[in-house]
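Shown next, in structure tokens, is the structure this report addresses.
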Amino acid sequence: SYHYNGNYEGIVPMLQRRYRESDSDDARVEIERFMTPKECPECTGRRLKPEAPSVTVSNRPIGRVVALELREAEDFFKTIDLTDREETIAGKILKEVRDRLGFLNAVGVGYLTLDRSAATLSGGEAQRIRLATQIGSKLMGVLYLLDEPPTGQQQRDNRKLIDSLLELGDLGNTVIVVEHDEETIES
């Protein structure tokens, strides 16, 4: 606890340091109550370093790559061919990017963009992203309890999500879903 003596000097740097260094989500949430998001004047909200515009991926500026919807990004990264030297340098990274984009699209969030702030995601979108992370981890013997995971999702993506949930079960996990959607219940 901190004693207030009428002087705000030093409090902001202390909160900034505590926010950066804290391992506690609860502490970060508490500190975030005193934070106001502002657009960076240098990057104009793109959250890229000044050097980033000079970076390209398969001859496309990185700013344009991160602005792609996830389904478009998956297609883009599938088309990248690497030379033997490039394969040595970036092959594992490219495989990981392709896999993660595949998992995200599989749970039905392909309409999101890579440059979207996590704070703007709905609860259902955040839940599906966590689900994609779990699928990608290939953990076994885990109990998953999901509360209406398709909420806010378009019907065409519902089947993808159901298939992802079935995949989690096929890996040897227990998946319990609280749901009202008929297709999900039947599956």
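Every value quoted in this text rests on a predicted model; they were computed, and no experiment measured them.
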In one Ile/Leu/Val/Met/Phe/Trp/Tyr side-chain cluster, 4.5 Å: I31, M14
yes
Is there a path from I93 to V55 through hydrophobic residues (I, L, V, M, F, W, Y) whose side chains come within less than 4.5 Å of each other?
yes
Could you work out, with side chain to side chain contact (heavy atoms under 4.5 Å, CB included) as the rule, every residue matching V175, not counting sequence neighbours?
Y144, L146, L165, L168, V177
May I ask you to test the L94-F77 pair for a side-chain heavy-atom distance under 4.5 Å?
yes
Testing the basics here: between N105 and E74, what is the closest heavy-atom pair and its distance to 0.1 Å?
ND2-OE1, 2.8 Å
Yes or no on side chain to side chain contact (heavy atoms under 4.5 Å, CB included) for I176 and T174, after CA distance, side-chain angles and deciding distance?
CA-CA 7 Å; I176 300 172; T174 300; 4.3 Å; yes
Atom CZ of R100 with >12 non-hydrogen neighbours under 6.0 angstrom:
no
Results of side-chain hydrogen bond (donor to acceptor under 3.5 Å, both in side chains) for T113 - residues two or more places apart only
D115
Working to the nearest 0.5 angstrom, can you tell me the gap between E125 CD and L104 CG?
11.5 Å
Residue list, side-chain hydrogen bond (donor to acceptor under 3.5 Å, both in side chains) with D163, at least two apart or on another chain:
R159
Side-chain heavy atoms of E69 within contact of L112, under 4.5 Å:
no
Residues forming a side chain to side chain contact (heavy atoms under 4.5 Å, CB included) with E86, sequence neighbours excluded:
L82, T83
So, are E51 and K49 salt-bridged, with charged N and O less than 4.0 Å apart?
no
Sequence neighbours excluded, the answer for side chain to side chain contact (heavy atoms under 4.5 Å, CB included) partners of D99 is K95, F103
Do NZ/NE/NH1/NH2 and the carboxylate oxygens of K92 and E87 come within less than 4.0 Å?
no
For the pair R18 and E21, find out whether any cationic side-chain nitrogen is under 4.0 Å from an anionic carboxylate oxygen.
no
Distance (rounded to the nearest 0.5 Å) between E179 CD and I162 CD1
8.0 Å
Non-hydrogen atoms of S164 and V107 that approach each other most closely:
OG-CG1, 3.8 Å
With no hydrogens and no angle check, is any side-chain donor or acceptor of R128 less than 3.5 Å from a backbone partner on V109?
no
Taking C-beta and beyond as the side chain, do R17 and R20 meet within less than 4.5 Å on heavy atoms?
yes
In terms of hydrophobic clustering (I, L, V, M, F, W, Y; side-chain heavy atoms under 4.5 Å; direct or indirect links), are Y111 and V66 co-clustered?
yes
Distance, nearest 0.5 Å, that separates CD1 of I185 from NE2 of H180:
7.5 Å
Output all residues satisfying side chain to side chain contact (heavy atoms under 4.5 Å, CB included) with S54, sequence neighbours left out; order by chain, then residue number.
none
Can you measure from CG (L15) to CD (E30) and round to the nearest 0.5 angstrom?
10.0 Å
Given side chains that start at C-beta, do those of L171 and L139 come closer than 4.5 Å, heavy atoms only?
no
Using a distance-only test with no angle check, is there a side-chain donor-acceptor pair under 3.5 angstrom linking T120 and R116?
yes
Kindly give the heavy-atom pair with the smallest separation between L114 and V65, and that separation in Å.
CD1-O, 4.0 Å
Under 6.0 Å from the CG atom of D25, do we count more than 12 heavy atoms belonging to anything else shown?
no
Here the gap from L101 atom CG to L68 atom CG, rounded to the nearest 0.5 Å, amounts to 9.5 Å
Show the numbers, then the answer: is there a side chain to side chain contact (heavy atoms under 4.5 Å, CB included) between E183 and E186?
CA-CA 5 Å; E183 183 182 10; E186 288 174 0; 5.5 Å; no
For residues I80 and S58, report the shortest heavy-atom separation together with the two atoms involved.
CG1-CB, 3.8 Å
Between Y19 and R28, is there a cation-pi geometry (under 6.0 Å to ring centre, at most 45° from the normal)?
yes
